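Here the structure comes first, spelled out in structure tokens, and everything after it is commentary.
All chains are named by letter (A, B, ...) in the order of the sequence lines, taking the proteins before the strands, and each is independently numbered beginning at 1. Keep in mind that what you see is a predicted model, and the values were worked out from it rather than measured.
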2 protein chains.
Amino acid sequence: MSTRRVRARRGEGALLREEILRAAEDLLTEAGTEDALTLRAVARRAGVSTPSVYLHFADKDALVEAVCMRVWDELGRLFTGNLGGDPFLALGRCARAYARFALDHPVQYRVLMLRPSAAPGVPPAAETAFRHMVAAVAACVETRVFEGDPEELALGLWSAVHGCVSLLIAQPAFPWPRDREALIDHIVRQAGFGAAVYSRLPGTLPPSKELAARLDEFGARLAAVPDEPSRRQSSP
Amino acid sequence: MSTRRVRARRGEGALLREEILRAAEDLLTEAGTEDALTLRAVARRAGVSTPSVYLHFADKDALVEAVCMRVWDELGRLFTGNLGGDPFLALGRCARAYARFALDHPVQYRVLMLRPSAAPGVPPAAETAFRHMVAAVAACVETRVFEGDPEELALGLWSAVHGCVSLLIAQPAFPWPRDREALIDHIVRQAGFGAAVYSRLPGTLPPSKELAARLDEFGARLAAVPDEPSRRQSSP
DNA sequence: GCCGTCAAGTTGACGATGTCAATCTGAGGT
DNA sequence: ACCTCAGATTGACATCGTCAACTTGACGGC
């Protein structure tokens, strides 16, 4: 691993970039924290001198961001792969996929989403994630299961899912329920129905106890009609 | 500021602790980022030599955590101050207060909630925040506007609010709506109704288009009865 | 009034890190 | 055989967290 790397041929200097990224990625996932991502450690692992990193990355932050971004297009695939069918169900699948993705790449997620971006402007990570969410929500607005501005609705859903995985990632010592998958399921459905119900609320509502009674009645009315018995469930 | 501090009298060594905390706090809020919190900078500002910090804090992380914790009991006051009256309304006020608190102390919030805690175990910050949330939710379960396990429900609400402020803090360049207060309002209500509705859902639901129709009907049924016209609104 | 003690605080140093200017090296065209 | 310049290295700098060893001076006792 620490054998000195053979110099790249002319015109193939960019090869080093890839090797540095790989070395950095390995360091990150092996150590499980971005503190292990030292320029010196990365360079050593790539079999190269430390300042060589600067041939391909402006500074350390650029390297870290590039490393974390490497995994991010997987998120796009997860989203598009989960579209299709009932939009409300698809949205739920997308949200769950998003959460699973975050938990599968906790370090990358934390670096990209839980830190003030070094570069100014909207970080591409947040941009793409949000765009996908908005698209899935817009489809639900189309079928009228949601009502209102897709971006506004998506912000609520995104907040819920992002909040949940952020807490899971940043507070691992918290007494979480054993079944993370079930927790995420719970959060996603709760947020999904919140979005569905919220836009239909009248400005004025009854006080709590009366509201509770009407909600009870509502639950019964939501059940599937008997002529669609095959469907397991239709909630996100 | 850089005048050498007069030595404390015997038995009053702990005075320095307070001065160091104050200096560190000022640095943090002035610079707006925890990178400015250097042991050397703190010591210089406190008029003291750098290693003196170690007389009162085990290491840098301990200092940073102590600084951020200093502001955290304010959160408890905000919560208890917003209790009383209709529990559903109170919960909404608490959630909004939580969000406002986070946005008022973005650096502290990020350090305490968006970072892997250096010390093992549950960080007191997350613990207290969650306990308060659970208590407010439990009151709503009491009036039956929520149904189910308060902790489970609170996790959903906490996720939504925490997710929203996390995004606001960590992604300031994102094209947020101008009115942050309104955004938070939106998120809180959306999450609140999600929690209220979720636990009442039957296992099987109709497909999107039918669900949409029933939701429309539901909105109308939720409106306040005419004999309670004075109440502005009863949503969190 | 002097003194010894011990809490309170400082000195100086170490290793590690990000970064940069200056330098070297050697593959490939002529 | 030689030149060129992309590809990479050397050596250094400032800054950081941290520590062992040292100094200072307030205070109780004589």
Among [options], which is the nearest nucleotide to the side chain of [X]?
{"X": "A/Leu16", "options": "D/dA8, C/dT19, D/dT9", "result": "D/dA8"}
{"X": "B/Ser52", "options": "D/dT10, C/dT19, C/dT10", "result": "C/dT10"}
{"X": "A/Pro51", "options": "C/dG9, C/dC20, D/dG17", "result": "C/dC20"}
{"X": "A/Thr50", "options": "C/dT11, C/dG9, C/dT19", "result": "C/dT19"}

A/Thr38 side-chain N/O to C/dT17 phosphate OP1/OP2 under 4.0 Å: yes

Spacing of A/Arg45 atom CZ and A/Ile20 atom CD1 [to the nearest 0.5 Å]: 13.5 Å

Inter-residue atom distance B/Leu157.CG - A/Ile187.CD1, 0.5 Å rounding: 8.5 Å

Contact residues, residues 18-25 of chain B to DNA chain D [heavy atom, < 4.0 Å]: none

N/O donor-acceptor pair, side chain A/Arg40 with base C/dG18, under 3.5 angstrom: yes

Rounded to whole angstrom units, what separation is found between the [atom1] atom of [X] and the [atom2] atom of [N]?
{"X": "B/Tyr54", "N": "D/dA21", "atom1": "OH", "atom2": "P", "answer": "17 Å"}
{"X": "A/Asp35", "N": "C/dA16", "atom1": "CG", "atom2": "C1'", "answer": "13 Å"}
{"X": "B/Asp59", "N": "D/dT18", "atom1": "CG", "atom2": "C1'", "answer": "10 Å"}

Aromatic ring pairing [X]/[Y], orientation class (parallel under 30°, perpendicular over 60°, tilted between):
{"X": "B/Phe146", "Y": "B/Phe88", "result": "perpendicular"}
{"X": "B/Phe174", "Y": "A/Trp158", "result": "tilted"}
{"X": "A/Phe101", "Y": "A/Trp72", "result": "perpendicular"}

Contact letters for nucleotides 22-27 of chain C, in which S counts primed atoms plus P, OP1 and OP2 and B counts the base, heavy atoms under 4.0 Å: ---BBB

